[in-house]
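Order of listing sets the numbers, starting from 1, for every ligand and every atom in it. When a residue number appears, it is its place in the shown sequence, counting from 1. Both backbone and side-chain heavy atoms feed into the values below; hydrogens, waters and symmetry mates do not.
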Amino acid sequence: MNNIEQSNKPSIVVLASGNGSNFQVLAEKSLSGELIANVRALIVDRACGAIERAKKLGIEVIILSKPWYEDFEKVINDLKPDLVVLAGFMRIIPEHIVAKYFPRIVNIHPSLLPAFPGKDAIKQAYDYGVKVTGITIHFVDAGVDTGPIIFQKAIEIEESWDLETLESKIHELEHENYWRVINNLLQKPHKIEGRKVKWGV
Ligand code: GRF
């Protein structure tokens with residue numbers, strides 16, 4: 001692919017604070033052309049596993065310094081991504097930034113929201129004993145995991161599963177679906193009415 005084609009593609013940035021498996025899938029899907037966007041950069045707020053993954057894939061890493069949200073705003077203003085993709089970014093985006101960029105920041109959460117928001121959602125669901133859990137991809141608003149829901153996928157928890165099994169099933173679901181949802185957001189018309197995300201209108 002030549003540079004002109006490259007530059008015509010939409011671009012995304014991915015924010016992570018941890019392991020970075022979702023980031024890696026997005027980057028690989030971008031490189032294979034299945035994700036229609038360029039992953040312009042990995043943005044992190046701390047030393048974390050995602051950095052090494054980005055280096056191996058040749059993707060620029062931007063480390064936010066304190067206060068992280070000032071840096072974040074500057075980076076977004078400079079790079080002007082079509083979508084800001086949170087993938088295990090362990091910070092709450094301040095209200096003034098959400099107001100400025102809504103609805104261009106999306107997040108993935110490992111439960112069926114509004115059940116089990118916040119940290120350790122897979123363990124929360126597992127310990128609660130729910131029979132069905134899943135993943136949620138949503139627009140980011142000023143709350144914790146409260147924004148309008150774009151996509152959900154459920155999974156039934158089998159009695160024989162331990163927490164580790166459930167974690168790996170949830171991550172598989174995330175890896176299968178996040179890039180597809182991002183493709184949809186970037187190419188299919190949609191609108192947000194109140195809490196509802198509507199497609200094809
Ligand atoms: C994922 O489970 C995601 O839903 C949550 O944080 C986790 C990040 O995992 N927001 P990884 O760093 O992408 O492996």
Side-chain angles (χ1 to χ4, degrees), residues 12-31 34-35 37 39-57 59-64 68-69 72 83-93 97-98 103-128 130 132-155 157 161-182 184-185:
I12 64 172
V13 292
V14 181
L15 280 95
S17 304
N19 179 26
S21 70
N22 278 284
F23 156 73
Q24 179 165 339
V25 173
L26 295 175
E28 287 172 349
K29 294 289 180 190
S30 169
L31 292 171
E34 291 165 280
L35 174 65
V39 178
R40 177 63 187 77
L42 168 74
I43 303 174
V44 298
D45 64 330
R46 64 192 75 181
C48 62
I51 295 174
E52 199 47 43
R53 295 179 190 261
K55 285 186 179 160
K56 283 192 182 139
L57 288 158
I59 291 180
E60 182 184 354
V61 178
I62 297 171
I63 303 175
L64 301 174
W68 70 269
Y69 49 86
F72 170 77
L83 215 52
V84 175
V85 175
L86 309 188
F89 187 61
M90 301 298 286
R91 300 272 184 180
I92 296 163
I93 311 290
I97 298 185
V98 169
R104 284 200 297 125
I105 310 178
V106 297
N107 183 41
I108 188 162
H109 184 78
S111 75
L112 293 175
L113 292 170
F116 311 118
K119 275 188 178 175
D120 299 326
I122 304 174
K123 184 171 188 305
Q124 286 186 55
Y126 184 82
D127 289 348
Y128 197 93
V130 292
V132 175
T133 186
I135 62 165
T136 303
I137 296 168
H138 63 93
F139 289 112
V140 171
D141 69 5
V144 177
D145 303 321
T146 52
I149 291 172
I150 304 162
F151 175 90
Q152 290 187 302
K153 190 107 185 171
I155 185 171
I157 303 177
W161 292 0
D162 58 13
L163 176 60
E164 288 66 38
T165 309
L166 179 59
E167 282 170 347
S168 74
K169 301 279 183 191
I170 290 283
H171 293 313
E172 265 173 42
L173 271 189
E174 295 183 325
H175 299 163
E176 275 168 24
N177 289 287
Y178 209 7
W179 66 275
R180 296 177 199 273
V181 172
I182 292 168
N184 286 341
L185 287 171

Could you tell me which atoms of ligand 1, counted from 1 in the order shown, lie closer than 4.0 angstrom to a heavy atom of [X]?
X	value
Asn19	12 (O), 14 (O)
Pro110	2 (O), 4 (O), 5 (C)
Ile108	3 (C), 4 (O), 5 (C), 10 (N)

| Note, Glu28 side chain near Glu34 side chain (heavy atom, < 4.5 Å) | no

| Should Val39 and Val85 count as side-chain neighbours, where that means a heavy-atom distance under 4.5 Å? | no

| request: Report the part of His109 (side chain from C-beta onward, or backbone N, CA, C, O) that has a heavy atom under 4.0 Å from ligand 1; answer both or neither where that applies. | output: backbone

| Between the candidates Gly18, Ser21, Ser17, Gly88, which shows the shortest non-hydrogen contact distance to atom 14 (O) of ligand 1? | Ser21

| query | Can you find a non-hydrogen atom of Gly20 under 4.0 Å from ligand 1? | reply | yes

| Does ligand 1 have any atom sitting under 4.0 Å from a heavy atom of Gln24? | no

| field | Identity and distance of the protein heavy atom lying nearest atom 9 (O) of ligand 1 | value | Asn22 ND2, 3.7 Å

| query | Any side-chain donor-acceptor pair under 3.5 Å between His171 and Glu174? | reply | yes

| said: Is it true that, when you exclude Phe151 itself, more than 12 heavy atoms of the residues, nucleotides or ligands shown sit nearer than 6.0 Å to its CZ? | reply: yes

| message | Tell me whether the rings of Phe89 and Trp68 are parallel (<30°), tilted (30 to 60°) or perpendicular (>60°). | response | perpendicular

| query | Does Glu174 reach ligand 1 with a nitrogen or oxygen that is under 3.5 Å from one of the ligand's nitrogen or oxygen atoms? | reply | yes

| field | For His138, the option from Thr146, Asn107, Leu86 that meets side-chain contact (heavy atoms from CB on, under 4.5 Å) | value | Asn107

| said: Whether the side chain of Thr133 engages the backbone of Ala125 through a donor-acceptor N/O pair (distance < 3.5 Å, no angle test) should be reported. | reply: no

